[in-house]
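Here is the naming used below: chain letters follow the sequence lines, and residue numbers restart at 1 for every chain.
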There are 2 protein chains.
Amino acid sequence: MKQIQKKNEGTRFKRTPQRLAILEYLEGNTSHPSAEDIFRVVSKRYQSMSFATVYNTLNTLTRAGELRELTIDPERKRYDPDTSRHHHLICVLCGKIADIPEKIGVELPKDMAEHFVLLGHHIEFYGHCSSCQKKNKAK
Amino acid sequence: MKQIQKKNEGTRFKRTPQRLAILEYLEGNTSHPSAEDIFRVVSKRYQSMSFATVYNTLNTLTRAGELRELTIDPERKRYDPDTSRHHHLICVLCGKIADIPEKIGVELPKDMAEHFVLLGHHIEFYGHCSSCQKKNKAK
DNA sequence: ATAATGCTTAGAATAATTATAATTTATTCA
DNA sequence: TGAATAAATTATAATTATTCTAAGCATTAT
């Protein structure tokens with residue numbers, strides 16, 4: 001008799017060494033890395049690591065809700081291991097992305113939300129970060 | 001003696017027929033089209049139109065502040081001829097993007113904004129649009 | 001007219017991401 | 001424990017979006 005599959009997210013996919021290495025790198029990481037960033041770091045310790053594995057793992061984790069795919073950087077996808085509701089602060093000069101906790105109440109105008117099932121929202125704040133300001137002053 | 005260049009944005013670049021065709025298509029367009037969408041439509045009327053011209057024009061217009069480049073769709077860039085401050089409502093089922101006027105006040109927590117020169121913000125609301133809801137009910 | 005400048009074109013090049021096929025590694029369960 | 005099965009990894013090819021390049025055209029200024 002086939003047992004009911006465990007609902008536990010953590011055991012839903014095989015914990016291969018490659019995946020563990022990627023997960024370990026992402027754990028607590030607030031730098032919003034791209035696939036390439038992840039590959040660069042993780043492949044150093046794990047010689048045979050393939051780029052495809054990075055993408056596969058990221059897609060798997062995203063589908064499982066363990067990871068958030070960010071569409072903030074126009075050049076590439078970024079990944080955020082923090083899947084809780086929060087927003088982002090982007091420096092338009094250096095591209096750095098910082099987290100903003102969600103303590104900001106935002107309401108959609110009623111007439112717009114009426115015909116929409118609203119699932120969530122994401123705010124991108126953009127501006128100049130402190131280190132870029134210093135750099136510019138120095139000139 | 002070299003004359004001072006006109007500051008007027010509208011006359012800063014040549015109004016070639018290709019550019020006019022693209023501009024005409026974008027005028028008042030609220031569908032947030034991709035470069036390909038634009039190419040498909042405009043090249044029908046303008047046989048010789050090249051894809052590179054579409055990209056060149058879009059980049060030129062974006063740099064000139066006549067067009068907003070949207071980083072909402074993870075697959076490709078979208079373009080919005082409405083450069084006024086406003087937000088977007090995205091159907092995660094069909095990908096349609098609607099406009100939301102900016103009458104929503106949003107404040108950054110003070111401690112975060114302190115070291116940042118804040119230039120603006122953009123909110124993405126996501127959910128299910130009415131036509132996708134109907135489609136799902138029909139099943 | 002001629003030169004200079006900027007635009008368009010076709011196609012090549014690049015970069016990010018996904019697909020494929022063969023092999024290897026986990027997991028299951030007898 | 002150890003086959004059988006399922007899933008993951010790898011290397012590489014393929015795809016897609018976008019940018020670059022080089023040559024020709026058009027427009028403007030001389």
Side-chain angles (χ1 to χ4, degrees), chain A residues 1-6 8-25 32-40 42-64 66-67 69-79 95, chain B residues 1-6 8-25 32-40 42-64 66-67 69-79 95:
Chain A
M1 191 203 320
K2 198 180 276 179
Q3 259 195 270
I4 292 154
Q5 282 200 263
K6 291 200 191 98
N8 184 340
E9 299 281 2
T11 59
R12 207 161 78 187
F13 30 78
K14 289 188 188 170
R15 319 188 89 230
T16 65
Q18 291 88 336
R19 290 180 170 184
L20 290 173
I22 292 171
L23 281 165
E24 195 190 334
Y25 175 65
H32 311 85
S34 67
E36 213 208 320
D37 295 334
I38 295 165
F39 176 75
R40 209 178 12 246
V42 175
S43 67
K44 222 175 267 174
R45 303 202 159 261
Y46 215 93
Q47 282 301 334
S48 71
M49 168 76 64
S50 145
F51 226 120
T53 298
V54 173
Y55 277 110
N56 287 340
T57 302
L58 293 175
N59 287 338
T60 301
L61 293 173
T62 301
R63 268 185 241 108
E66 302 278 318
L67 197 59
E69 190 180 283
L70 300 181
T71 306
I72 284 181
D73 183 334
E75 310 308 327
R76 70 200 102 260
K77 288 175 188 161
R78 304 289 208 98
Y79 294 89
Chain B
M1 194 203 321
K2 198 180 276 180
Q3 261 194 269
I4 291 154
Q5 282 200 265
K6 292 201 189 99
N8 186 340
E9 298 280 3
T11 60
R12 208 162 77 188
F13 29 79
K14 286 191 191 167
R15 319 188 89 228
T16 65
Q18 291 89 336
R19 290 182 172 183
L20 288 174
I22 293 172
L23 281 165
E24 196 190 335
Y25 176 65
H32 310 85
S34 67
E36 214 207 320
D37 296 333
I38 295 165
F39 176 76
R40 210 178 10 248
V42 175
S43 67
K44 221 175 266 173
R45 303 203 157 261
Y46 215 93
Q47 282 302 332
S48 72
M49 169 76 64
S50 148
F51 227 120
T53 298
V54 173
Y55 277 111
N56 285 341
T57 301
L58 293 174
N59 287 338
T60 301
L61 292 173
T62 302
R63 269 186 240 108
E66 302 278 318
L67 199 59
E69 189 180 284
L70 300 181
T71 306
I72 284 180
D73 183 335
E75 311 309 325
R76 69 200 101 257
K77 288 174 187 160
R78 303 290 207 98
Y79 294 89

Inset, instruction - Provide the closest heavy-atom pair for Pro74(A) versus Glu69(B) in the form atom of the first, atom of the second, distance. - result: CB-OE2, 4.2 Å
Inset, instruction - Could you state the atom-to-atom distance from CD1 of Ile72(A) to P of dA16(C) in whole Å? - result: 18 Å
Legend entry - salt bridge (charged side-chain N to carboxylate O under 4.0 Å, His left out) partners for Arg76(A), two or more places apart: Asp73(A)
Legend entry - Phosphate OP1/OP2 of dT18(C): any Lys77(A) side-chain N/O under 4.0 Å: yes
Inset, instruction - Mind calculating the distance between CG (Asn59(A)) and P (dT9(D)) to the nearest angstrom? - result: 13 Å
Inset, instruction - State, with a plain yes or no, whether a side-chain heavy atom of Asp37(A) is found less than 4.5 Å away from one of Tyr79(A). - result: no
Legend entry - For atom CZ of Arg78(A) and atom P of dT17(C), their distance in whole Å: 11 Å
Legend entry - From CZ (Arg19(A)) to CG (Asn56(A)), nearest 0.5 Å: 7.5 Å
Legend entry - Separation of Ile22(A) CD1 from Leu61(A) CG (nearest 0.5 Å): 7.5 Å
Inset, instruction - Whole angstrom is fine here: how far is it from CD in Glu36(A) over to C1' in dT18(C)? - result: 17 Å
Inset, instruction - Can you tell me the distance, in whole Å, between the CG atom of Leu58(A) and the P atom of dA8(D)? - result: 14 Å
Inset, instruction - Take the protein atom CG of Leu20(B) and the nucleotide atom P of dT27(D), then report the distance between them rounded to whole Å. - result: 12 Å
Inset, instruction - Taking only the side-chain nitrogens and oxygens of Tyr55(B), find out if one of them lies under 4.0 Å from OP1 or OP2 of dT19(D). - result: no
Legend entry - Whole-Å distance separating the CZ atom of Arg76(B) from the P atom of dT15(D): 16 Å
Legend entry - Footprint string (nucleotides 4-11 of chain C, 5' to 3'): B base within contact, S backbone only, - free, heavy atoms under 4.0 Å: --SSBBB-
Legend entry - Between C1' of dT17(C) and CG of Asp73(B), the distance in whole Å: 14 Å
Inset, instruction - Answer whether the closest heavy-atom distance between the side chains of Leu58(B) and Lys77(B) falls below 4.5 Å. - result: no
